[in-house]
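All heavy atoms count here, side chains included; hydrogens, waters and symmetry mates do not. In each ligand, atom 1 is the first atom listed, and ligand 1 is the first ligand listed. Quantities reported herein were computed from a predicted structural model and do not represent experimental measurements.
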Amino acid sequence: MCFTSPEGLRALLVAEAELGERIMRALILRRVALIEHGGGGPILIGCGSEPGMLGLQGFLRRNGHPHTALDAKTDQDAISLLERITATRDDFPLVVCPDGSILRNPDHGQLASCLGLLPEFDATHIYDLAVVGAGPAGLASAVYAASEGLSVTVFDCRAPGGQAGASARIENYLGFPTGISGEALAGRAFVQAQKFGAHIAIPLEVKALHCAENPMLLELARIA
Ligand SMILES: Cc1cc2nc3c(=O)[nH]c(=O)nc-3n(C[C@H](O)[C@H](O)[C@H](O)COP(=O)(O)OP(=O)(O)OC[C@H]3O[C@@H](n4cnc5c(N)ncnc54)[C@H](O)[C@@H]3O)c2cc1C
């Protein structure tokens with residue numbers, strides 16, 4: 001088993017339950033700390049009140065992705081970066097991705113692609129199950145199917161968690177006697193589905209299901 005690739009690490013997490021639990025716990029705690037204290041992830045540079053900036057921040061927040069937002073006019077780090085690159089008014093918000101690339105006024109899909117949130121799809125691969133919507137129902141389907149060894153893909157046009165993602169506290173979900181926030185529930189289910197190898201693509205909207213084709217086809221639309 002090769003542990004240096006994402007697939008190898010996922011196989012290890014499933015095969016070695018005790019070790020897998022520790023690694024998963026460490027990764028989740030690391031992500032939570034990055035979100036709470038800032039740091040890690042992309043750096044957004046713009047004006048805090050502009051719709052484009054608010055839109056990108058909202059997208060990253062809904063998707064539980066750590067990021068840092070810097071004001072282009074007042075933050076010294078942002079100002080010194082802007083002195084080194086050519087940027088016009090239309091380029092804002094600017095996003096510096098963890099791989100060093102710079103996106104100029106990207107839409108949500110472009111940002112997600114740069115962050116690796118949209119998997120590369122092999123056009124010749126036929127999935128056993130394609131789930132449209134990463135709400136509680138979709139993520140549960142993905143976890144059960146992928147854990148049984150089926151090849152699974154999940155699409156959502158917005159964020160994992162669906163309506164439940166907006167709930168401050170869910171009291172009636174099986175297994176959580178003290179309640180759990182919708183965001184935490186969605187985050188756990190998302191990671192669980194990924195652990196079993198589901199290919200999750202967000203944001204991608206499904207435009208149509210072509211049932212007459214064999215195999216059936218989903219028609220996708222990249223959204224802003
Ligand atoms: C504020 C709030 C609090 C709630 N609290 C509770 C509670 O305490 N207890 C309880 O039992 N229920 C609660 N609910 C209801 C619960 O959240 C829903 O019943 C549950 O989310 C339904 O899950 P679902 O997966 O079927 O659909 P949804 O949660 O609606 O998820 C559907 C997903 O599909 C995606 N989608 C839709 N169309 C497409 C498309 N064409 N392409 C790609 N993606 C698409 C959407 O973006 C969405 O993420 C609450 C709801 C809200 C809004």
Check this for me: Arg31, atom CZ, are more than 12 non-hydrogen atoms of other residues, nucleotides or ligands nearer than 6.0 Å?
yes
Looking only at non-hydrogen atoms, find the nearest pair between Met53 and Leu70 and report the distance.
CE-O, 3.9 Å
Taking all heavy atoms of Leu129 and all of Ala145, pick out the closest pair and write down the distance.
CD2-CB, 3.5 Å
Taking all non-hydrogen atoms of both residues, which atom of Arg104 and which atom of Thr86 are closest, and how far apart?
NH1-O, 2.6 Å
Pair Phe59, His65 - check ring pair (Phe, Tyr, Trp, His ring centres under 6.0 Å), show working.
CA-CA 9 Å; Phe59 172 72; His65 207 291; 8.7 Å; no
Kindly print each ligand 1 N/O atom paired with any protein N/O atom under 3.5 angstrom away, one pair per line, or none if nothing qualifies.
from, atom 1, to, atom 2, distance (Å)
ligand 1, 9 (N), Asn172, OD1, 2.9
ligand 1, 11 (O), Asn172, OD1, 3.3
ligand 1, 11 (O), Asn172, ND2, 3.1
ligand 1, 17 (O), Ala164, N, 3.1
ligand 1, 21 (O), Ala164, N, 3.3
ligand 1, 25 (O), Pro136, N, 3.2
ligand 1, 25 (O), Ala137, N, 2.9
ligand 1, 29 (O), Gln163, N, 2.8
ligand 1, 30 (O), Gln163, NE2, 2.9
ligand 1, 41 (N), Val206, O, 3.0
ligand 1, 42 (N), Val206, N, 2.9
ligand 1, 44 (N), Cys157, N, 3.2
ligand 1, 47 (O), Asp156, OD1, 2.8
ligand 1, 49 (O), Asp156, OD1, 3.3
ligand 1, 49 (O), Asp156, OD2, 2.6

Quick one: list whatever passes ring-ring contact (aromatic ring centres under 6.0 Å, His included) with Phe155, sequence neighbours left out.
Phe121
